[in-house]
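Note that ligands are numbered from 1 as they come in the structure, with each ligand's atoms numbered from 1 the same way.
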Amino acid sequence: MSAAPTPRVLILDDDEAVGRTAVLVTARLGMGARWTATMPDFLAAVDEWDPTHVVVDLVMPDHDGIEVLRTLGERDCAASVVISSGVGSRVLDAARRSAMAHGLKITAVLPKPFAAADLRAALLSPGSPRPAGDEEVAAGPPVGGDELRGAIDGGRLRVEFQPKVRCDDLTPVGVEALVRWDHPSRGVVPPAEFIGVAEDGRLIDDLTDEVVRQGVGWLAVAAPPGLRRLAVNISASSLTDLGLADRLQALCAAAGVTPDRVTLEVTETGAMADAGKALDVLTRCRVKGFRLALDDFGVGYSSLVQLARLPFSELKIDRTFVMDIPHSREARTIVRAVIGLGHGLGLSVTAEGLDSPEALALLRADGCDHAQGFGVGRPMRPTDLAEWTRRSDRGGGSHLGGGVTADG
Ligand code: C2E
Ligand code: MG
Ligand code: MG
């Protein structure tokens, strides 16, 4: 990598007038600038000049920009990427996603024709963050059923709690329990790595019981006053177990917690898999007083008929939509429609993955009830949650409103 201090902007656009104007604007910003009109010239310049920024037009006669972006991704290009084109916002949005999936750092999307000021702003932008959520997980061999069995029996599973707040005034309303495995050699193993193992090895009931036991235990003795509700995730495979409602009820009774304080979150895929059985199991839970939330709505196998038939009390919009609302008109439209759908069915609506004040403002404007996300608070240990609640009483639990950073 060159260590030259001046930013180097490489432009790919088959339209010479656009290319020359872009070079002019860039040069006025004190940045180095080069224009290329074809994909081969552009890629040669990437290799030779090592640009810090690239501006890529999506539609060109010899190649398309998607191919260019894929090639940049394959070459592990570290430059900030500005995508430009006159193809319409849906296509631009799809191109942005695909480029991010290739690991590129997309700093701006510029619909054409763009003004010089737009290009300037795009080049000076600090860069939109890579989609969070999808943090890399420490690599390791897949976990085995026996090992997981040992962890459940040996008390090495614990829960973290992620707060959930009202959108209008950020008042905390409850928490979601998220399981963690303290592994002796691998550190903290996230649920994505072992929930499937638990389901396949028929360990999921024991895992769920352990999470519920810890969750309601905390609710009974340690929950800060504002946090009255607990949500737990229920695996798809448990929705065929007719004894589920009785087991959960017994765990609540043992802790002295009434089921109406506990929400069972099921994923869309799971809820819809065997709709007849799921209807029985979920209705039994509802009759006993548990609340039901349809989790990750929008990314599974949606069936609006099932949504209407199953006795849900809450709809949780998947974070992939929520995170995108500040910069994607399509995501905003979907989120707004899902809020309307939920309210129309009498459900409360929670946005997952709230991570910015901009997203919060849009959710408020669209009437969303509750929100959860790193911007509100990350999943945390009970002791940290107590501290988070104290800060939130002073208006600073989240870093969306009070201006105080809640967590790292
Ligand atoms: P979920 O129920 O949708 O839980 C939310 C997940 O999104 C959590 O990941 C949480 O850390 C993450 N998250 C929340 N806010 C943000 C945000 O602003 N940005 C990003 N990037 N991520 C955010 P986690 O803890 O890794 O859990 C992943 C999934 O594993 C859960 O998704 C749930 O489906 C499953 N899971 C977790 N605990 C349990 C459990 O006890 N039982 C079962 N069956 N499944 C569980
Ligand atoms: Mg959940
Ligand atoms: Mg979810």
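Figure legend: R156 and W181 shown without cation-pi pairing, the cationic atom not lying both under 6.0 angstrom from the six-membered ring centre and within 45 degrees of its axis.
Evaluated by nearest non-hydrogen atom to atom 6 (C) of ligand 1, the leading choice among E176, E352, E160, R319 is R319. Ranked by closest heavy atom to atom 29 (C) of ligand 1, the top entry among G373, P191, G196 is P191. Of the options D296, V211, V322, the smallest heavy-atom separation from atom 3 (O) of ligand 1 is shown by D296.
Checked by atom type, the side-chain pair S348/D369 shows no donor-acceptor distance below 3.5 Å.
A heavy-atom separation below 4.0 Å is not found between K316 and ligand 1.
The ligand atoms of ligand 1 that sit less than 4.0 angstrom from a heavy atom of Q162 are 14 (C), 15 (N). Interface atoms of ligand 1 facing P379, defined by a heavy-atom separation under 4.0 Å, are 11 (O). Taking a cut-off of under 4.0 Å to the non-hydrogen atoms of S235, the atoms of ligand 1 that pass are 44 (N).
When atom types are taken as modelled, the side chain of S328 and the backbone of D324 share no donor-acceptor pair closer than 3.5 angstrom.
Distances from the Mg ion (ligand 3) to the N/O/S atoms of D296 are shortest for OD1. Note on E176: its N/O/S atom closest to the Mg ion (ligand 2) is OE2. Between the Mg ion (ligand 3) and the N, O or S atoms of D295, the shortest distance is to OD1.
Residue side and main chain included, N233 places an N/O/S atom under 2.8 Å of the Mg ion (ligand 2).
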